[in-house]
Structures are given as C-alpha cells and as structure tokens.
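For reference, the structure discussed in these notes is given below.
When reading the values below, keep in mind they use all heavy atoms of this one structure, side chains included, and skip hydrogens, waters and symmetry mates. Here is how names work: the chains are called A, B, and so on, in the same order as the sequence lines, proteins then strands, and each is numbered from 1.
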Amino acid sequence: MDLARFLIGAAIVRDDPSGRRALRIVETEAYLPGDAAAHSYRGETPRNRSLFLRPGYAYVYFIYGTWFCLNVSAEAAGVGAGVLLRAGEPLTGIAAMERSRPGAVLRDLARGPGRLAAALDVTRAQDGLDLCAPGPLWLAAPRGAAPRIGKSVRIGVTLEKHRELRFYERDSRFVSGPRRINL
DNA sequence: AAGAAGATTCGCT
DNA sequence: GCGAATCTTCTTA
C-alpha cells in the first residue's frame, strides 16, 4: 500500500529493440496479504508466483483471454502482495507506443491496465523481471514535486470492494475510468 | 470432467 | 449499453 502511493509519479521504462519507451505512473492499486481480491490470496500457483518474490519484481498476468496486466511485487519474499499499474502518461517513445496501440489517441495509449501493458509490449515474457535493476523493463524513482494523490475503491473488483486501495494523481488527465471517486 | 467468474477493452447498437 | 475474445483458477459432480 505504501508502495502503491510511492509509485505515483515514478516512471516505468521499457528498453527493447524498438528503442526506449517511458510512462509516468499516474494510477495504481494495492493488493495486500490476506486480501480476498488479490491473486495471491489462495496461495502460490504457476501463474502468480512472482507476487511472492521480494519487492520490486514484475508480475504479469493474462486476463479475459485478451490482455496483459503489469504488477510490482510488494512484500517480503514468501508473502504474496503486489501493486497493479493501472495508467500512465506517455513520456518518451510515443511513436513506438502508438505502433503497439493502433488507433489509440495519446490520452488512451496507457489509460487502463491492459492498455498500459500493451503500450509497452509487456507480456508473460517479462514476468519475474527485477524492475529495480537495469534491464528490458525497470522503474525510475519519482522526480520533482510530489503529486497530489487521491484515493478510491478499486475498479472492477467485487471482493473487498469497500477498501480504498486505488491511488491516482489528481491533476492528471491520463487516469483511467469514467469516474473519479472521492476526489 | 465441465462450467463459471474474473484486477479488461473494443466495436457495434 | 451489451457481447466477444478465450486464459487461469475455483467449484461442483
């Protein structure tokens, strides 16, 4: 949960043969230990094992047979928890992102978790990567003034729906969702 | 062994 | 606004 707040304003960087792409993270959700809505809730499986790594590793899952979503593992080794990256503001490599997201306008390139992963060409191939070390996918610490952060209930979850574990940059137009709850 | 639901998005009505 | 796409895991038989 602290990590989810900290990541607002940080950057997720993708380096691959098509060049460098970077997004400013503007929206996250925390999935805690003992959280019935978390993929790690029912224990470790082949799909979610990355959530049980120590903090800072990529957990990528395939959802609804169509999209990938990118998370950052959040708790000590052996404890299942993570932060879902829900939306980002394109910083660099915008042309490459547009190539990966045909038809999307700038504001929609990474506005939503499935879109964010698609804009960066993140798939299960990047699952388990250390995001705190140099590599094809990594995190850059927040820079500049601390953003104004809002919180709300998580989007799309039915379990533990009352918990306010979604965080977003209040002043960003790149935040996902038709609504901004608890402004 | 089979069916349902889920941390989503897009296209058509 | 609704349905499709079709993976992983859980539930029920």
Is the shortest side-chain N to carboxylate O distance from [X] to [Y] below 4.0 Å?
{"X": "A/Asp121", "Y": "A/Arg21", "answer": "yes"}
{"X": "A/Glu89", "Y": "A/Arg173", "answer": "no"}
{"X": "A/Glu169", "Y": "A/Arg148", "answer": "no"}
{"X": "A/Asp108", "Y": "A/Arg111", "answer": "yes"}

Checklist entry - Of all residues at least two apart in sequence or in a different chain, which pass the salt bridge (Lys or Arg N to Asp or Glu O under 4.0 Å) check with A/Asp127? => result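 By the salt bridge (Lys or Arg N to Asp or Glu O under 4.0 Å) rule, A/Asp127 matches A/Arg49, A/Arg124.
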
Checklist entry - Does A/Glu75 have any salt bridge (Lys or Arg N to Asp or Glu O under 4.0 Å) partners at least two apart in sequence or in another chain, and if so, which? => result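 Checked A/Glu75 against salt bridge (Lys or Arg N to Asp or Glu O under 4.0 Å); zero matches.
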
Please tabulate, for side-chain N and O atoms in residues 60-68 of chain A, each donor-acceptor pair with protein atoms closer than 3.5 Å (sequence neighbours left out).
from, atom 1, to, atom 2, distance (Å)
A/Thr66, OG1, A/Tyr64, O, 2.9

Item to check | Pairing pattern in dot-bracket form [Watson-Crick, G-U; both distances under 3.5 Å; | = partner strand] for DNA chain B | outcome: ||||||.|||||.

Checklist entry - Would you say the side-chain atoms of A/Asp130 and A/Trp138 include a donor-acceptor pair closer than 3.5 Å? => result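 There is no such pair between these side chains.
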
Item to check | No-hydrogen, no-angle side-chain donor-acceptor test under 3.5 Å, A/Arg86 and A/Ser176 | outcome: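 Yes - a donor-acceptor pair under 3.5 Å links their side chains.
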
Item to check | 4.5 Å side-chain heavy-atom contact, A/Leu3 and A/Val72 | outcome: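 When only atoms from C-beta onward are counted, A/Val72 and A/Leu3 do touch, with a gap below 4.5 Å.
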
Next on the checklist: Output one letter per nucleotide in nucleotides 7-13 of chain B: B when a protein non-hydrogen atom lies under 4.0 Å from the base, S when only the sugar-phosphate is that close, - when neither is.
Outcome noted: BBSS---

Between the protein and nucleotides 8-10 of chain C, are there any N/O to N/O pairs under 3.5 Å, and if so, what are the atom names and distances?
from, atom 1, to, atom 2, distance (Å)
C/dT9, OP1, A/Thr45, OG1, 2.6
C/dT9, OP1, A/Arg47, N, 3.2

Checklist entry - C1' atom, B/dC10 versus C/dT8: distance in rounded Å? => result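 Going atom to atom, C1' in each nucleotide, I get 22 Å.
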
Next on the checklist: Please give the distance between the P atoms of B/dA1 and C/dT6 as a whole number of Å.
Outcome noted: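 That atom pair is separated by 24 Å.
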
